[in-house]
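Just the heavy atoms: all of them, side chains too, but no hydrogens, waters or symmetry mates, feed the values below. A note on names: the letters A, B, ... follow the listed sequences, proteins ahead of strands, and every chain is numbered from 1. All values reported here derive from a predicted model rather than from experimental measurement.
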There are 4 protein chains.
Amino acid sequence: MIVTVKVTNEAPRGRPRSSQCREAILSAASEILKEKGFRDLTIEEVAARAHVGKATIYRNWETRGILALDAFMVDYLLLQPPQRGATLEEDLFSALAGWVAVVDGTPTGRALVGLLAEAQFDLELGKQFRDRVVAPARAAQRDMIERAVARGEIPPDTDLEILMDLLFGPAYLRLLEGHQPLSSAFVRRIARAVALAAREGVAVRDL
Amino acid sequence: MIVTVKVTNEAPRGRPRSSQCREAILSAASEILKEKGFRDLTIEEVAARAHVGKATIYRNWETRGILALDAFMVDYLLLQPPQRGATLEEDLFSALAGWVAVVDGTPTGRALVGLLAEAQFDLELGKQFRDRVVAPARAAQRDMIERAVARGEIPPDTDLEILMDLLFGPAYLRLLEGHQPLSSAFVRRIARAVALAAREGVAVRDL
Amino acid sequence: MIVTVKVTNEAPRGRPRSSQCREAILSAASEILKEKGFRDLTIEEVAARAHVGKATIYRNWETRGILALDAFMVDYLLLQPPQRGATLEEDLFSALAGWVAVVDGTPTGRALVGLLAEAQFDLELGKQFRDRVVAPARAAQRDMIERAVARGEIPPDTDLEILMDLLFGPAYLRLLEGHQPLSSAFVRRIARAVALAAREGVAVRDL
Amino acid sequence: MIVTVKVTNEAPRGRPRSSQCREAILSAASEILKEKGFRDLTIEEVAARAHVGKATIYRNWETRGILALDAFMVDYLLLQPPQRGATLEEDLFSALAGWVAVVDGTPTGRALVGLLAEAQFDLELGKQFRDRVVAPARAAQRDMIERAVARGEIPPDTDLEILMDLLFGPAYLRLLEGHQPLSSAFVRRIARAVALAAREGVAVRDL
DNA sequence: CCCTAAACGAGACGGTACGTCTAGTCTTATG
DNA sequence: CATAAGACTAGACGTACCGTCTCGTTTAGGG
């Protein structure tokens, strides 16, 4: 497959790529992703539903995975609600509970898992997933930690990454393995444990 | 697809199924799983490498996923080392460090993720994954908790499930998303945080 | 493309190729050839009409051209009538008139031209066309010449090839270029001219 | 497809059609015709080689076939040499030998066959082929017959069409089917046979 | 010791989807 | 307004696998 990416800043020649097209393709892909999941999302069907030639899809997206990521982002980002509580534990709870609401038993959740699996092999997809999903989420969560530091709840050099991994990791695990439900009791306890660890300085950088 | 499962205890008629066959298939599947990952494991290639007809594979395994699970188990179980330390934190550390050694940057790790993704759609695979991978692991870990209870380190009605999710979840997350390395500093801090939470009774059942 | 042709006389292994299949494909191809001509005969449509996978077609025929040749043969050979007259001119007339009836304004005629054009590029098709269409026709015509020799109408070492080219060439030309009709007056005159040339020994070998 | 044909004689508005363009297109088409033959001449490649938009080609030529005919004409006409001998047979021989030299084993010959095949389906191409290739050739050949009539070699009401079909038909046949070579012995005998037929009045109109 | 019946290898079968290519049309900016 | 460039819809190309099937060939019991 060949995807030409413009590098120079010459004047663009020929017919410009249609944004209508891109939107039709994304919304078709999004539909299929919800109905059938990532595994059964085929370029052929996206093209048919969007009334678009297959070449137009290949012209705009390098791989099926990256197309699916774009389609996934629409729903995933829209549903992420920001929250601000009085204590770190409250913030942690609402962040995790919000995520659980979006992914537990939903098409979005299944799509997320499918993308993660695909990203193990499609390295470009992995990179984009980190840049476009993980990094923005972490940036948004940084504020939560900073406010807790400002309140004096936790040490100033607390490592955001470890704390967020401790918070979301257990939930990812239950989402993936399905061995236990993502109940609100679970969310509450995880938030409490993470808050405790943070307060006790387990996550400070120079440990 | 039709897989006949014998229920009655009649005498088996005809040529018995060959265990040589099963082994050849499993080892071919295992090879491919390591070389190319779950996504690129095709029945066609397994059959060719094992010098076996495709029907023989379909006769013995319901789906590609379950075949891959069987192939995966060989490596995954062999490499799981049991450990017994002096404190809960030591035990948690060695358990997590052992798991990380098996999956971080290894074919086994990539296979694990592929299987988890497939299990979102192949429900039977999900069930078998829980029964044959998750459940035995948890059973093995139960001893670790019980010894900590016996030593008086943690409350007696501590919930194993939450504790193990707290321990392994963050590592799964880093394995999946690759946003941060599975360093030994990471493992150490996670073990410390989980031990702390356990001691403080965050995971007791009636919370 | 890869088409395996058996050369050795080993026992055949695996499922034998289905003749039903071959027949269904040929009759679908024949239909399309008549309806739309060689240019618009696509493997895709043959497969669809014959309720057959595309791979089955590619497994049995090297190229679209050779498939079309096989389909063409059915009609072309069936319609070739043998004739025996009292004089060479009568024989020549009935041979040419028979051919004209089969190809003038018929799907078979258009198919013939399409195959000839394709054969300019598909050398294997050209070879098979000569072996399976031209050579048998010439063999059948040889009898006509031999009888004329036996009757003493023409010299004994008359060259069949030249005579037949003189007979059919003009008709091919009108078929191809369509500049003049393939009328029965035309057929009559051509037969007379060829008979005359033959009698006068224009086609003897050592000329 | 839509081809706008100007009927009125209004003053032309806007940028005039470039003749440079037409030439670039024709010479690109001619190149490809020689390299790959008619079957593999694609509008896409012509446009690319001529540094021309595809629309410009469609604006100037109705079909691929007619473009190819235009490209073909350049070579075909250039190479047709006129000849004048002392007898009809000499004239016939030199006419046929000249044609054979142009088409036997040459790209021009293969292009000729491709065009003839295409013309079976593209009726407009067939018409243009007759008007621009066949008709001028016959007009040129008329002189040969008239001179033979003037010399008293052949009857005055000899049918040019039949005679030329008898002359060129056999050569077309060998060109198409390739069953026998277009040797000079072949050309000589055909010329002799046609001259004989003409002398004997086989081609007179009221036969 | 043959008979029976299922398992075996091989690979053909009807399908689906792949990623590429070309057709013929449409839409920009440029001349 | 013609042009070069190239994006657009449409659909065929030849390939790779899917899961099923149909062969001829083993390979065990049970008669």
Side-chain angles (χ1 to χ4, degrees), chain A residues 1-4 11-18 20-21 40-48 50-60 63-64, chain B residues 1-2 4 11-18 20-21 40-48 50-60 63-64, chain C residues 1-2 4 11-18 20-21 24 40-48 50-60 63-64, chain D residues 1-2 12-18 20-21 24 40-45 47-48 50-60 63-64:
Chain A
M1 193 207 336
I2 294 164
V3 171
T4 308
R13 306 223 292 170
R15 178 174 173 176
R17 295 194 183 170
S18 153
Q20 271 196 355
C21 243
D40 295 336
L41 179 137
T42 67
I43 298 288
E44 205 101 344
E45 191 176 355
V46 174
H51 299 294
V52 144
K54 285 196 286 175
T56 300
I57 300 178
Y58 287 113
R59 205 179 291 120
N60 285 282
T63 63
R64 186 178 76 111
Chain B
M1 194 207 340
I2 294 164
T4 308
R13 307 222 294 167
R15 178 175 173 176
R17 294 192 184 172
S18 153
Q20 270 195 357
C21 244
D40 295 335
L41 180 136
T42 67
I43 299 288
E44 206 99 343
E45 190 176 357
V46 173
H51 300 294
V52 143
K54 286 196 286 176
T56 302
I57 300 179
Y58 287 112
R59 206 177 290 119
N60 285 282
T63 63
R64 186 179 77 110
Chain C
M1 192 207 336
I2 294 164
T4 309
R13 307 223 289 170
R15 177 174 174 176
R17 295 193 182 170
S18 152
Q20 270 196 355
C21 244
D40 295 335
L41 179 137
T42 67
I43 298 289
E44 205 98 346
E45 190 176 356
V46 173
H51 300 294
V52 144
K54 284 197 286 175
T56 301
I57 300 178
Y58 288 114
R59 208 178 286 121
N60 285 282
T63 62
R64 188 178 75 110
Chain D
M1 190 207 340
I2 294 163
R13 308 217 298 165
R15 179 171 172 177
R17 294 192 184 171
S18 154
Q20 273 194 356
C21 242
D40 295 335
L41 179 137
T42 67
I43 299 287
E44 206 99 345
E45 192 176 354
H51 299 294
V52 143
K54 285 198 286 175
T56 302
I57 300 178
Y58 286 113
R59 206 176 293 118
N60 286 282
T63 64
R64 188 178 77 111

Inset, instruction - May I have the distance from C:Ile57 (atom CD1) to F:dG14 (atom C1'), rounded to whole angstrom? - result: 12 Å
Legend entry - Rounded distance [0.5 Å steps], CD1 in C:Ile43 versus OG1 in C:Thr63: 8.5 Å
Legend entry - Heavy-atom closest pair, residues D:Val52 and D:Thr56: CG1-CB, 3.9 Å
Inset, instruction - Sort by first number and list every stem of DNA chain E: at least 3 consecutive Watson-Crick or G-U wobble pairs, both distances under 3.5 Å. - result: E:1-31 with F:1-31
Inset, instruction - Return yes if some donor-acceptor pair links the side-chain N/O of C:Arg59 with the main-chain N/O of C:Arg17 below 3.5 Å, else return no. - result: no
Legend entry - Nearest atoms (heavy-atom pairs only) where C:Ser18 meets C:Cys21: OG-N, 3.0 Å
Look for any protein N or O under 3.5 Å of an N or O in nucleotides 13-17 of chain E and output each such pair with its distance, or none.
from   : atom 1 : to      : atom 2 : distance (Å)
E:dC13 : OP1    : C:Ser18 : N      : 3.0
E:dC13 : OP2    : C:Arg59 : NH1    : 2.5
E:dG14 : OP1    : C:His51 : O      : 3.4
E:dG14 : OP2    : C:Gly53 : N      : 3.3
E:dG14 : OP2    : C:Thr56 : OG1    : 2.9

Legend entry - Under the side chain to side chain contact (heavy atoms under 4.5 Å, CB included) test, residues paired with A:Ala47 that sit two or more places apart: A:Lys54, A:Ile57
Inset, instruction - To the nearest Å, give me how far apart CZ (A:Arg64) and P (E:dG19) are. - result: 9 Å
Inset, instruction - Check the distance between E:dA7's C1' and B:Tyr58's OH and give it to me in whole angstrom. - result: 17 Å
Inset, instruction - To the nearest Å, give me how far apart CD (C:Gln20) and P (F:dT22) are. - result: 11 Å
